[in-house]
Every structure is written in C-alpha cells, then in structure tokens.
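Computed over heavy atoms, backbone and side chain alike; hydrogens, waters and symmetry mates excluded.
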Amino acid sequence: DVQQAHRDLEARKTTGCTITLPAASCNLSFSAKGASTLTATYSGDGNFTGSASAASPVTVDGIPATLTIGAFSPPSPFFGDAFSASFSLSGGDGTYDGDVVFTATGPAPALTTFTCTAAAAGGSGTCTPFSGAPLDAGTYAVSATYTGDSSDATDTDGPSALVIQQATTAVVITSTTVKNKTTAVAD
C-alpha cells in the first residue's frame, strides 16, 4: 500500500515523497519558492483502486534572510559630501542573488528622497546614494529592503537616522591699504 505525494511545478521539479501506510504524512523539500500545486496519488492494491486528489494550490515561502543596515560613512556627512551606507545579510541559503535597495525621506518641508541599489552578492556591501544634486541638510529616515532571490525571502531593516550637516562657511576679510592724504586749500 503506497501513496505518493508530488507537486507539479511548471519548470521546477521535486521528487516528492512516498508514504507507506499506515503513516499519514511525509516531508517535502522544494527547490524554489513561489506558487505551485500539490497532488497526492494512491497507486491502489488488490482491494482498492488507485486514485488521485485534485490539485491543491501551495505557496512555498523563501528561506528567511535577515538584512541589517550598517554604518554610514562618514557617519554624519556635510551638505555636498559623498557618503555611503553599508549592509549585511545573514540566514537564507547564503547565496544572496538579489539586490539591496536603500530608500530615504527627509527633511521637511521639501521631503527630499533618494534611492540606492546595490548587489547583495556575498552577503554584504555598500551603496553610495549621493549622485547629482547634493542632499539638503537635515535628518533622513533610511530604510533598506533585500529583494530576495529564487530561494531567499525578502527582508527589510530600518529606519535608521542619517544626519546631513550644514556645510561650514568661512568669511574672510582682506585688508586694503588706504592712504590718508591731506590737501591744503588756499583762500
């Protein structure tokens, strides 16, 4: 008496699992996340005919991965300075084929925003969002999202505060020599 469970997953395959009665369950291992269908088939025996269940939808979640926003470098840049944001990933299957997307909003009233995308390969990296016009001075709420990949789930971290300081200025007075001249006036 053998009952076989398998899933039909368009291009992705799994070997399924076999249950020998009277057992009622088995563990399936999926090679990729996403939507699929699961069916069970009973091969039958001398007393019972074989049968198959209707297809049942199943969603395979990705392996949990954890994204952590690291340090900003420099920690508190001045207006006009380039800076970067670091990240690290752990968990998942360890390949990290997706991207990490940083987004930030601030400061009011303009609510300046920036977005930066970095490849997550290797599980750590940096993103340098400063390009083009400099970010206004103020505090930004920075969040990051790992997009996941074929086997890893997505994850988000943040917000973390990033302070863009006002650029310093210097006023310099240069001296000019003025000659004092006395002129006599005749009457």
Exercise. How would you list, by chain and number, every residue that makes a side chain to side chain contact (heavy atoms under 4.5 Å, CB included) with Thr103, sequence neighbours excluded?
Worked result: Val101, Thr115, Ser143
Problem set entry | With Ala104 via side chain to side chain contact (heavy atoms under 4.5 Å, CB included) - residues at least two apart | Phe114, Tyr140, Val142
Identify every side-chain donor-acceptor pair in residues 92-99 under 3.5 Å, counting partners at least two apart or on other chains, and give the distances.
| from | atom 1 | to | atom 2 | distance (Å) |
| --- | --- | --- | --- | --- |
| Asp93 | OD1 | Thr95 | N | 2.9 |
| Asp93 | OD1 | Thr95 | OG1 | 2.8 |
| Asp93 | OD2 | Thr95 | OG1 | 3.3 |
| Asp93 | OD2 | Ser151 | OG | 2.4 |
| Tyr96 | OH | Gly91 | N | 3.3 |
| Tyr96 | OH | Gly91 | O | 2.5 |

Show me the side-chain donor-acceptor pairs of residues 66-79 shorter than 3.5 Å, one per line, residues at least two apart or across chains.
| from | atom 1 | to | atom 2 | distance (Å) |
| --- | --- | --- | --- | --- |
| Ser76 | OG | Val163 | O | 3.0 |
| Ser76 | OG | Gln165 | NE2 | 3.3 |

For this session: Would you please name every residue forming a side chain to side chain contact (heavy atoms under 4.5 Å, CB included) with Ala137, sequence neighbours left out?
Result: Gln166
Exercise. Of the non-hydrogen atoms in Thr37 and Ala55, which two are nearest, and what is the gap between them?
Worked result: CB-CB, 4.1 Å
Exercise. Do any pairs count as a side chain to side chain donor-acceptor pair (under 3.5 Å) and have a residue in residues 50-59, sequence neighbours left out, and if so which ones?
Worked result: none
Problem set entry | Nearest atoms (heavy-atom pairs only) where Ala65 meets Ala153 | CB-O, 4.1 Å
Exercise. Are the side chain of Lys33 and the backbone of Ile63 linked by a donor-acceptor contact shorter than 3.5 Å?
Worked result: no
Problem set entry | Option from Val100, Asp157, Thr126 for which side chain to side chain contact (heavy atoms under 4.5 Å, CB included) with Phe87 holds | Val100
For this session: Take Ile164 and Phe83 through the side-chain contact (heavy atoms from CB on, under 4.5 Å) test and state the conclusion after the steps.
Result: CA-CA 10 Å; Ile164 304 290; Phe83 66 92; 4.0 Å; yes
